[in-house]
Amino acid sequence: MKKRIIAVSSLVLSIAMLAGCGTTNTNSISASGSSALQPLVQQVADLYKIKNPDISFTIGGGGSGTGLNNVLAGTVDIGNSDVYAEEKLSATDAATLTDNKVCVVGVGVVVNNDVALNIGDISSQQLKDIFSGKITNWKQIEPTAPSQDIVIVNRPSSSGTRALFVKWGLDEQTITEGDLSLQTDDSNSLVKTISETKGAIGYLAFPYVYKEENQTKVVPLGIDGVEAINENIYNNTYKIWGYEHMYTKGAPSDTVQKFLDFMKSSSVEAQIEELGYGAISKLNKTAAASR
Amino acid sequence: MLKEFKTKKAVSLVLSLLLSVTMLAGISVTAAGRVAKVTSGLKSGSYTVNKVVSLRTMTNGAKIYYTTTGKTPTSKSTRYTKAFTITKSTTVKAIAVKSGMTTSAVSTFTYKINKVPTNLTGSISMSGSSALFPLAKYVSSLFRAKNPNLSITVNAGGSGTGLNNVLAGTVDIGNSDVYANEKLSASDAAKLVDHKVCIVGVATIVSPDVAALVKNISTANLKAIFSGSISNWKTVGGPDRDIVVVNRPSSSGTRALFVKWALGGQKDIDGDTSLQTDDSNALAKTVSSTNGAIGYLALSYVESSSLNFGVLKVNGYSPTYSNIYKNYYKVWGYEHMYTKGTPKTNVKAFLNYMVSKDLAPSYEALGYGAISKLGSAAKNSR
């Protein structure tokens, strides 16, 4: 009987030690990664804090690759990613992480206002030809458009938005680095570069495409006659999108788990759509089965 | 005979040739076809701040012309060259034109701009419903940020308190989960003006030991539990343990909603334990920490709570807003903000802001439902 109690107490002790080894104390939640997902996590955290004022949040960006590596290394509680962990980490490392899918995000092919005055839609073949360097002038897309070189604005390879774009927009075709290659995984700098560079084209997560202050700066193109909007993701006609993931390593603390449960609850759906993301529950069967 | 045949054949050849040319032409007209209609980056709707309108068409090489006067646009209207800002309610009509193609249909976008005032002064006070309290506090802080010279005081105290306070004139707004005539005399209730701001669901919650075994409860069993005729969880599939009913005082609007919609108006609901404070958090804590406990809690407290109570399905349905909108889950009510007579300027502005479209998405995340999303069956149910 006594032995049993000792065994139990050593179990309690090791649990306590494990908890002690955790990266954070119980009243703080830290996350980093996907810049596409960052605004949503921040907004939901702000709402969550209203009910839970004693919980403090630290939410950073850095790109999906950074988020996955951080959560793997234990420097954050949650790694935000636009892509599955397997696509950025080794299979064994990815297996130590737990996936929480929280919403979907579309990736828009965007141009600046000058280009958009003549171009509203491109075919998926033309998109591939632009990013492989085969099509180099907007006049090749629309004969009545003024002659203007196409300038490709890229994101670094750690970018989850880039990974989604290459996978679903270019069918895995390698991107020929354009004349301009943005070397920061920051969506706001990308918007600025595209809006200020003549003939520019790039790719951008829907929440940034549809952000109020970006309406004067970038315009999303239709692809094969399909408008880049969430409704077309739900009905499986717009193909460039992925799940947004919040990865944890092993069993998360109670505090982190409760926040993740809230992120995944239907109560957050209206907020998800308001910010330009898509709700997982609204995908039709074909769209949901497509990835 | 032969000649005639030949002629006929020649004619039919020519005819079929003509026909195919026509068909080809028909196809090519379809391919050139009609210019795609203009879409806007800004959805039609009402907003509280200036908004940017960006227009586009998916037809390459097409030009967009638009009006902001309500007139039908032509190729002589303003040519769209870049996004523009609207500062007041505006109807935008737009067409897209390309030579060799049929002009697009007219697209109409209707925008209402009801700006939130930013220069309000004085004070606004409110009290009442603890279910509505977190939302009232949240919106107040947003409204205060826009109006730094305005002071706002938000207190809870229960729906009954709020209604009596606003009637006595000690607060500007009385927050209530129930209609005023359910708590006040008909003549007193008639003095108040109802502003419905959202809906709130009420969940049946149980302690963790019960939640481990019981996931669903029928309204018949709920009635029996709250009247005391079922007194052990074993009867409804739970642990062999006495049921501890945790109640709110009769001033509670959450209690009124629960009694009306979960217990069918049953009067006798006093359990072994009766919480004597009208505080939702205290109730949630008691249920979480008392073995065998059952109580009821507004979804605004269930949502994102860090406590360990369990939430029961009622008659097979979880207490979620999607189930409430579809009229599957019945235990809910409107959240009211009552004023006595016509509200003063700053109060009126605050009430307008409460129901503005900007706030709607955050309502659900805070545990409230949108009136606009109620299906007709749910709407007609009360």
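To find a chain, count down the sequence lines: A is the first, B the second, and so on, and within it residues start at 1.
Contact annotation for Ser141(B): neither backbone nor side-chain heavy atoms come within less than 4.5 Å of a heavy atom of chain A. With a 4.5 angstrom heavy-atom cutoff, Leu307(B) touches chain A only via backbone atoms. Of the atoms belonging to Ile119(A), heavy atoms from both backbone and side chain fall under 4.5 Å from chain B. Heavy-atom distances place the side chain of Thr144(A), and not its backbone, under 4.5 Å from chain B. Heavy atoms of Ala360(B) lying under 4.5 Å from chain A are absent altogether. For Lys98(B), the part lying under 4.5 angstrom from a heavy atom of chain A is the side chain only. For chain B, the nearby parts of Glu227(A) are the backbone and the side chain; heavy atoms of each come within less than 4.5 Å. Both the backbone and the side chain of Tyr80(B) have a heavy atom closer than 4.5 Å to some heavy atom of chain A. Heavy atoms of Val226(A) lying under 4.5 Å from chain B belong exclusively to its backbone. Using a 4.5 Å cut-off between heavy atoms, Lys373(B) touches chain A through its side chain atoms alone. Heavy atoms of Thr57(B) lying under 4.5 Å from chain A belong exclusively to its backbone. For chain B, no part of Pro143(A) is nearby; none of its heavy atoms comes within less than 4.5 Å.
Annotation: cation-pi pair Lys101(A)/Tyr243(A) present, NZ/CZ under 6.0 Å from the ring centroid and within 45° of its normal.
For Phe259(A) and Tyr48(A), the ring centers sit closer than 6.0 Å to each other. Between Phe165(A) and Phe131(A), the ring center distance clears the sub-6.0 Å criterion.
Ranked by heavy-atom pairs under 4.5 Å with chain B, the first of Glu274(A), Glu212(A), Gln43(A) is Glu212(A). Chain A forms more heavy-atom pairs under 4.5 Å with one residue of Ala36(B), Ala370(B), Ala365(B) than with any other, namely Ala365(B). Of the listed residues (Ala62(B), Ser322(B), Ser300(B)), the greatest number of heavy-atom pairs within a distance under 4.5 Å of chain A belongs to Ser300(B). Chain A forms more heavy-atom pairs under 4.5 Å with one residue of Thr59(B), Ile64(B), Thr81(B) than with any other, namely Thr81(B).
Counting heavy atoms of neighbouring residues, nucleotides and ligands inside a 6.0 Å radius, atom NZ of Lys128(A) exceeds 12 of them. Within a 6.0 Å sphere centred on NZ of Lys82(B), other residues, nucleotides and ligands contribute 12 heavy atoms or fewer.
Side-chain polar atoms of Asn235(A) and Glu231(A) form no donor-acceptor pair below 3.5 angstrom. Between the side chains of Thr85(B) and Asn50(B), no donor-acceptor pair of N or O atoms lies under 3.5 Å.
Nearest approach of Val52(B) to Ala83(B), heavy atoms of both residues: CG1-CB, 3.7 Å. For Tyr234(A) against Lys282(A), the heavy-atom pair with the smallest separation is CB-O, 3.4 Å.
Contact annotation: the side chain of Ile229(A) never approaches that of Tyr238(A) to less than 4.5 Å [non-hydrogen atoms, C-beta and beyond].
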